[in-house]
Structures are given as C-alpha cells and as structure tokens.
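Beneath this line is the structure, given in structure tokens, with notes to follow.
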Amino acid sequence: MAPQLYLITPENPQPDLFPRQLMSILSGPEIAALLVRRGTLDDTAYAALAERAIQIGQAAGAAVLIEDDAELARRLGADGVHVTSGGVKAIREAIALLKPDGIVGVGNVRSRHDAMSFGELDVDYVMFGPLAGPTDPGAADLAGWWADTFEVPAIHSDPQIAPAAINQTGAEFIALSDCIWAQNDPAAALRAFDEAARADK
C-alpha cells in the first residue's frame, strides 16, 4: 500500500502569499494531514496562520494539526496537535485535552526507547525525523522498524527526501517539508512525490 502524504508547512511563510499557495498545492494530490509549523512566529501571528491553514486544509479534506499547542488546536477547531517537546507529560496533557475526538501525534523521537514510551500513550502516530533541515540518518531505520512492529502508524520525515526514495521505509505516512517548499514549483514537486508513491505499489 502506498504511503499517505503528510505535508509540513514552511517555517516562516509570508502571511499574505502563503494561503493562496497552500490552496494551490492542496488542489492537487490528496494530502492526509497538514502540520502548521510554528517556526519563529509569536503567539498572535501563529494563531492567525494556523486559523487560515485550518480553513484551507480542512476544505481540501486534510486533517490539520497544530504544533505543540493542544489548547490552541482545540480553540481553533484544528483536527489535533503534533507534540515535539515536553515529553511524556506534554503528550498526556494533549491526550487529556483532545482525545478521543482529536488527533495526538508525537515527534522528536530519538530512539526505540522514546518511540515505545510515547507509543504506548494512546497516540495516533509516531513521527521519525525532523520537521525541516538536514536529514536524520537514523530516522528511516527507526520508521521501518516501527512500521514492521507496531500498529500505531509510523511517519517518516526526511526534509531532503527524493521522490524515488518515498517507499523505502515501509512507513504508513511520508512527511514532506523542505523538499516541497524549496522548489520553484511546490505543486509540481508534490505531484512528483504522489506519482512516485503510487508507482511502486
């Protein structure tokens, strides 16, 4: 089965241009989930970006997730939260606030021990690899191990991944970030990943 696509927004998109760009991209291949990165935005700017992205993403059929702020996710009507900091305590707090209706995913997983500690907390997915920047060379192996061993879905995040490598880990989801937004035509880049994912299955 082809991996589903999980799109991560760029770190600090231009607020006046990004909504239109996002609408264009989401009119193409199906995106299962959209994570709105916080980057260096302050609370007000991030909430404004997230609110617009939620409207656009949900209209396109994607589940829209907020980074590290379960309360904001609930207030804005997002589909869930992606927890990258705070460890087990933050995950439990997000679960208490959003479950059973909302999604709680976890990232910043550095080891098998971390993955198992987080994965047993009733999370909806475990993400291996960074949201942006250089590739984590160990993430692909961890994602493959998790996908082969556990029922909780694995997401492999490689910001520099090429379309030809999209099916290599066996993860249920592939997270795409810099490899999309760094291109001159992000919509075309996304189509290339979608075609590659389906071609091998």
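Only this structure's heavy atoms are used, side chains among them; waters, hydrogens and symmetry mates stay out.
Across all non-hydrogen atoms, the minimal contact from Pro186 to Gln183 is CD-O, 3.6 Å. The two residues Pro163 and Ala192 have their closest heavy-atom pair at CB-O, 3.9 Å. When every heavy atom of Phe193 is checked against every heavy atom of Ala162, the shortest pair comes out as CE2-C, 3.6 Å. Between Ile66 and Ala78, the shortest heavy-atom distance links the atoms CG1-CB, 3.7 Å. Nearest heavy atoms, Leu76 versus Ala50: CD1-CB, 3.9 Å. Counting all heavy atoms, side chain and backbone alike, Leu98 lies closest to Ala73 at CD1-CB, 4.5 Å.
Under a hydrophobic-cluster definition in which Ile, Leu, Val, Met, Phe, Trp and Tyr are linked whenever side-chain heavy atoms come within less than 4.5 Å, directly or via other members, Val64 and Ile31 are assigned to the same cluster. Linking Ile, Leu, Val, Met, Phe, Trp and Tyr whenever their side-chain heavy atoms come within less than 4.5 Å leaves Ile8 and Ile161 in two separate clusters. Under the 4.5 Å side-chain heavy-atom criterion for ILVMFWY residues, no single connected hydrophobic cluster contains both Leu41 and Val83.
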Side-chain donor-acceptor contacts of residues 52-62 below 3.5 Å, not counting sequence neighbours, with atom names and distances?
from, atom 1, to, atom 2, distance (Å)
Arg52, NH1, Gln55, OE1, 3.0
Gln58, NE2, Gly77, O, 3.0
Gln58, NE2, Asp79, OD2, 3.0

Pairs under 3.5 angstrom only: tabulate donor-acceptor contacts from the side chains of residues 88-95 to other protein residues two or more places apart or in another chain.
from, atom 1, to, atom 2, distance (Å)
Lys89, NZ, Glu93, OE2, 2.7

Kindly list each side-chain donor-acceptor pair under 3.5 angstrom involving residues 116-130, sequence neighbours excluded, with atom names and distances?
from, atom 1, to, atom 2, distance (Å)
Ser117, OG, His113, O, 2.9
Asp124, OD1, Lys99, NZ, 3.0
Asp124, OD2, Lys99, NZ, 2.9
Asp124, OD2, Val104, N, 2.8
Tyr125, OH, Tyr6, OH, 2.7
Tyr125, OH, His82, ND1, 2.7

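Side chains of Gln160 and Pro134 form no contact here, defined as non-hydrogen atoms less than 4.5 Å apart.
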Step by step, would you call Val81 with Leu97 a side-chain contact (heavy atoms from CB on, under 4.5 Å)? CA-CA 10 Å; Val81 65; Leu97 195 62; over 6 Å; no
I would like to know whether Ser85 and Asn108 meet side-chain contact (heavy atoms from CB on, under 4.5 Å); could you show each step before the answer? CA-CA 7 Å; Ser85 62; Asn108 198 24; 5.8 Å; no
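The OG atom of Ser111 lies 7.5 Å from the CG atom of Leu142; values are rounded to the nearest 0.5 Å. For the atom pair Leu26 CG and Leu190 CG, the distance stands at 8.0 Å (nearest 0.5 Å). Note that CG of Leu7 and CG of Leu176 are 6.5 Å apart. Values are rounded to the nearest 0.5 Å. Interatomic distance, OG1 of Thr9 versus CD1 of Ile180, reported as 12.5 Å (0.5 Å rounding). Here the CG atom belonging to Leu35 is positioned 6.0 Å from the CG atom belonging to Leu65, to the nearest 0.5 angstrom. Separating the CD atom in Glu11 from the CG atom in Leu131 is a distance of 9.5 Å, to the nearest 0.5 Å.
Evaluation of the salt bridge (Lys or Arg N to Asp or Glu O under 4.0 Å) rule for Glu71 yields Arg74 as partners, not counting sequence neighbours. Looking at residues two or more places apart in sequence or on another chain, you find no salt bridge (Lys or Arg N to Asp or Glu O under 4.0 Å) involving Asp68. Considering only residues two or more places apart in sequence or on other chains, Ala188 meets the side chain to side chain contact (heavy atoms under 4.5 Å, CB included) condition with Asp185, Arg191. By the side chain to side chain contact (heavy atoms under 4.5 Å, CB included) test, Glu151 is found to be paired with no residue, residues two or more places apart in sequence or in another chain being considered. Scanning for side chain to side chain contact (heavy atoms under 4.5 Å, CB included) contacts around Thr149 gives Trp145, with sequence neighbours left out. Residues passing the side chain to side chain contact (heavy atoms under 4.5 Å, CB included) test with Ala147, sequence neighbours excluded: Ala154, Glu172.
Listed by first and then second residue, the ring pair (Phe, Tyr, Trp, His ring centres under 6.0 Å) pairs involving residues 47-77 amount to none (not counting sequence neighbours). Residue pairs meeting the salt bridge (Lys or Arg N to Asp or Glu O under 4.0 Å) criterion with at least one partner in residues 26-44, sequence neighbours excluded, are Arg38-Asp43. For residues 157-190, every residue pair satisfying the ring pair (Phe, Tyr, Trp, His ring centres under 6.0 Å) rule, not counting sequence neighbours, is listed here: Phe18-Trp181.
Without hydrogens or angle criteria, Trp146 side chain to Ala171 main chain gives no donor-acceptor distance under 3.5 Å. Using modelled atom types, one side-chain atom of Asp178 and one backbone atom of Gly133 make a donor-acceptor pair closer than 3.5 Å. Without hydrogens or angle criteria, Asn167 side chain to Ala2 main chain gives no donor-acceptor distance under 3.5 Å.
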